[in-house]
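Beneath this line is the structure, given in structure tokens, with notes to follow.
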There are 2 protein chains.
Amino acid sequence: MAGSGLSPVSEEPTLDEPKRRPTIGDVAKAAGVSPSTASRALTGQGYAAAAVKAKVLAAADQLGYVPDEFARSLKRRTNRLVGVVISDLRNQFYADLAAGIEQVLGAAGYQMVLVNDDGDTDRELAGVRTLLAMRVPGTIVTPLSSEAGALLTSQGVRVVEVDRQMAESQCDAVLVDSEHGARAATGHLLELGHRRIAFLIDELEWTTGVGRLTGYREALRERGVDYDPELVVRVGFGEGSAATAIASLLEVRPDVTAVFAANNLMAEGVWQEMQRRKLRVPKDVSLVAFDDLPWMSMVQPAVSAVSQPVVAMGAKAAELLLARLSGTLTGDPRTVWLEPTFERRGSTRRLPG
Amino acid sequence: MAGSGLSPVSEEPTLDEPKRRPTIGDVAKAAGVSPSTASRALTGQGYAAAAVKAKVLAAADQLGYVPDEFARSLKRRTNRLVGVVISDLRNQFYADLAAGIEQVLGAAGYQMVLVNDDGDTDRELAGVRTLLAMRVPGTIVTPLSSEAGALLTSQGVRVVEVDRQMAESQCDAVLVDSEHGARAATGHLLELGHRRIAFLIDELEWTTGVGRLTGYREALRERGVDYDPELVVRVGFGEGSAATAIASLLEVRPDVTAVFAANNLMAEGVWQEMQRRKLRVPKDVSLVAFDDLPWMSMVQPAVSAVSQPVVAMGAKAAELLLARLSGTLTGDPRTVWLEPTFERRGSTRRLPG
DNA sequence: CTGTTAGCGCCTTCAT
DNA sequence: ATGAAGGCGCTAACAG
């Protein structure tokens with residue numbers, strides 16, 4: 001009497017059916033075999049006669065059986081989950097990163113568990129703890145603190161850092177050569193005759209901020225231009241911070257002829273402030289951005305920018321992690337550098353005179 | 001001899017420690033109590049003397065113990081995971097949606113498991129199956145097919161649909177009033193004297209597409225303007241589809257004076273095509289978009305758009321789901337409508353004559 | 001090739 | 001207030 005063996009989807013009338021989902025035991029019973037045989041048939045691991053296998057599969061299908069990943073993970077002591085910790089999903093940069101990661105992970109049958117830390121180290125740590133609790137074998141993080149990574153590795157969880165790298169971390173990383181990109185952008189401005197170039201940066205704690213500033217300074221040094229600390233503006237993370245920052249800088253230093261915004265958010269703020277003040281770009285002031293976004297090619301003039309292979313970076317990080325997890329890759333931590341490209345557009349012009 | 005009881009983080013030299021993570025048994029042993037007592041102390045459920053509790057907590061901390069969510073879920077038969085199925089993380093619309101969801105979920109101690117289906121129903125189904133396997137108690141989806149939702153509900157998983165709604169679905173939903181928004185935008189164009197308004201739409205299978213088209217048609221009817229099917233262009237999902245579509249339409253129908261792009265992607269394509277063709281907006285052609293994005297306020301002229309409360313929509317969906325899961329909300333499925341607002345900007349102008 | 005047995009880590013009665 | 005026992009659903013050894 002297999003009266004309970006109806007497809008749950010077709011069982012329309014009694015929507016209030018017992019919430020208990022079919023277990024492998026139910027499938028086994030329906031197929032007239034033992035649970036272990038059912039397991040072998042379902043997973044493909046181990047022996048199972050073709051006829052039996054078919055019968056089990058049919059029963060499983062009939063019952064709408066979906067194996068319980070928790071139970072399976074508990075037994076197998078591993079799973080196909082990857083934790084991803086990023087700072088801000090609303091920033092297209094991070095969204096693209098996550099998309100690149102997800103793409104590779106999904107193709108390999110892994111599932112992404114996304115944690116947003118909002119740039120808050122407490123939330124980062126909390127997120128990591130959650131991932132630990134979920135027994136993820138690996139994680140990909142845009143690190144905020146070194147504690148998070150340390151905690152992860154101390155528990156045997158593989159970590160790949162992406163976009164930025166913590167100094168203490170002894171793990172794989174996929175990075176963009178910020179220094180090189182910033183040097184190219186700054187060099188471009190210098191070549192156009194600019195000498196007083198404002199540099200807007202929101203953090204100097206991470207390799208990204210440091211690298212970009214270093215690139216800026218190196219370009220100056222290469223051309224023998226003095227470094228003016230007053231032109232380096234430390235911007236807050238808030239919404240209108242960049243706009244405020246550039247506004248007050250221009251107040252004090254009206255001699256600035258070009259602005260280098262060290263990420264897409266700040267570039268947006270600067271752009272908006274320029275509009276507000278009716279400053280012409282590039283006539284009154286030239287602008288370059290680090291991290292290229294679609295809008296930068298859509299505004300008039302288009303914004304010259306250092307373009308990062310963001311999706312590829314995420315994908316590469318995922319590949320690295322998978323290689324570690326599968327044991328394909330062993331040995332010392334590896335750091336993969338991706339090269340950004342400078343896209344010259346209309347927001348920069350040669351200084352007259 | 002509690003030699004193994006060192007904080008794993010401080011245990012620098014032997015990084016190659018046994019991967020086996022401490023279990024509640026280890027904690028119990030270290031604290032000199034039974035596993036059950038340790039469990040009570042750790043979870044706060046049930047009795048535990050203050051002194052004992054402190055001892056257990058200290059031991060757990062010392063060992064770097066993190067409870068195994070899988071084992072716990074297996075036992076408790078529930079967990080704090082929520083599956084989120086969206087179409088395209090790289091589209092800021094979906095990223096914002098996910099961010100809104102995550103925000104509310106995180107605050108309630110829930111973890112988001114994100115699945116990207118790329119608009120592919122097969123991948124949607126596969127994602128749902130994964131979620132089922134993870135025994136998530138609830139999901140939030142931007143539905144592609146009705147099968148996915150049906151499968152979920154048939155297994156007792158709560159579903160909240162967001163952005164669009166499947167006709168057959170008997171579940172909660174959080175939607176934006178597309179019809180109203182599209183009517184406002186179209187009405188605005190009509191008031192400016194436009195009569196031949198192209199309408200670009202990428203799908204008519206979902207409530208979003210249908211609603212937007214309906215709003216467009218209603219606005220026409222209200223003003224007694226004949227509906228011209230030739231002006232409704234069905235656009236593919238690919239990258240340059242919108243640009244191609246508008247290009248060929250303008251070829252055939254140079255009399256078109258305004259374009260209504262029914263989502264942000266198509267608006268982008270149209271904008272780019274206008275640039276390429278050196279068509280002036282709004283002089284040569286007016287443009288309105290459905291779904292407002294930051295770039296639309298940054299370009300010159302700024303694009304008039306129907307602005308959706310995207311993050312709020314995600315947040316609301318999460319709240320609804322949590323209310324269902326906690327039993328705070330019971331009874332018939334609820335549909336929450338959010339009102340979009342029409343932002344008039346510079347891309348639309350009164351038709352001369 | 002298949003069934004039996006045992007146990008992954010945790011929680012929750014039920015006794016004490 | 002605490003411990004012992006059992007079992008969540010699944011799979012890996014081991015017999016047969």
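What you see is a predicted model; the values in this text were computed from it and never measured. Side chains are part of it too, since the values below use all heavy atoms of this structure and drop only hydrogens, waters and symmetry mates. Protein chains get the first letters and strands the later ones, always in sequence-line order, with residue 1 at the start of each.
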(message) Whether the B/E124 and B/S145 side chains hold a donor-acceptor pair (N or O, under 3.5 Å, no angle test) is what I'd like checked.
(response) yes

(message) Less than 4.0 angstrom between a side-chain N/O of B/T37 and OP1 or OP2 of D/dG3, yes or no?
(response) yes

(request) May I have the distance from A/R76 (atom CZ) to D/dG9 (atom P), rounded to whole angstrom? (result) 18 Å

(message) A side-chain contact here means heavy atoms from C-beta on lying under 4.5 Å apart; do A/R20 and A/D26 qualify?
(response) yes

(request) Select from A/Q45 and B/L74 the residue whose nearest nucleotide in DNA chain D is closer to the 5' end of that strand. (result) B/L74

(request) Take atom NZ of A/K53 and atom P of C/dT2, then tell me their distance rounded to the nearest Å. (result) 11 Å

(request) Examine the base of C/dT5 for any acceptor or donor lying under 3.5 Å from a partner atom in the side chain of A/S36, and report the outcome as yes or no. (result) no

(request) Choose from C/dC8, C/dG3, C/dC10 the nucleotide whose nearest atom is closest to any side-chain atom of A/S34. (result) C/dG3

(message) Tell me whether the side-chain N/O atoms of A/T23 come closer than 4.0 Å to OP1 or OP2 in D/dG9.
(response) no

(message) Under 4.0 Å, counting only non-hydrogen atoms across every strand here, what does B/P35 touch: a base, just sugar-phosphate, or nothing?
(response) nothing

(request) Return the value, rounded to whole Å, for the distance between atom CD1 of B/I24 and atom C1' of D/dA4. (result) 15 Å

(message) The side chain of A/R77 is closest to which nucleotide in this list: C/dG9, D/dC10, D/dT11?
(response) C/dG9

(request) Look at the side chain of B/A49 and decide which nucleotide, out of D/dA1, C/dC11, C/dG9, has an atom nearest to it. (result) D/dA1

(message) On DNA chain D, compare the nucleotides closest to B/R135 and B/A48; which residue's is nearer the 5' end?
(response) B/A48

(message) Could you tell me how far apart A/K75 (NZ) and D/dT11 (C1') are, to the nearest whole angstrom?
(response) 5 Å

(request) Take the protein atom OH of A/Y47 and the nucleotide atom P of C/dC1, then report the distance between them rounded to whole Å. (result) 7 Å

(request) Starting from C1' on C/dC8, measure out to CZ on B/R21 and report it in whole angstrom. (result) 14 Å

(message) Over all strands shown, is A/T43 touching base, sugar-phosphate only, or nothing at heavy-atom distances under 4.0 angstrom?
(response) sugar-phosphate

(message) Tell me if the side-chain of B/R40 makes a donor-acceptor pair with the base of D/dG3, cut-off 3.5 Å, by modelled atom types.
(response) yes

(request) Please examine the side chains of B/E102 and A/L89, heavy atoms only from C-beta on, and report whether any two atoms are closer than 4.5 Å. (result) no

(request) Using whole Å, report how far CG of A/N79 lies from P of D/dG9. (result) 19 Å

(message) Quick one, A/T37 and A/Y47 - any side-chain contact, counting heavy atoms below 4.5 Å?
(response) no

(message) Do B/D172 and B/L321 make a side-chain contact, defined as non-hydrogen atoms from C-beta onward lying under 4.5 Å apart?
(response) no

(message) Counting only side-chain heavy atoms from C-beta out, which of D/dG9, C/dC11, C/dT4 sits nearest to A/A71?
(response) D/dG9

(message) Less than 3.5 Å apart, any donor N or O on the side chain of A/S87 or A/R164 sitting next to an acceptor on the other?
(response) yes

(message) Measuring from the side chain of A/V33 (C-beta onward, heavy atoms only), which nucleotide among D/dA1, D/dG9, C/dG3 has the closest atom?
(response) C/dG3

(message) Using whole Å, what does the distance between atom C1' of nucleotide C/dC8 and atom CZ of B/R20 come to?
(response) 11 Å

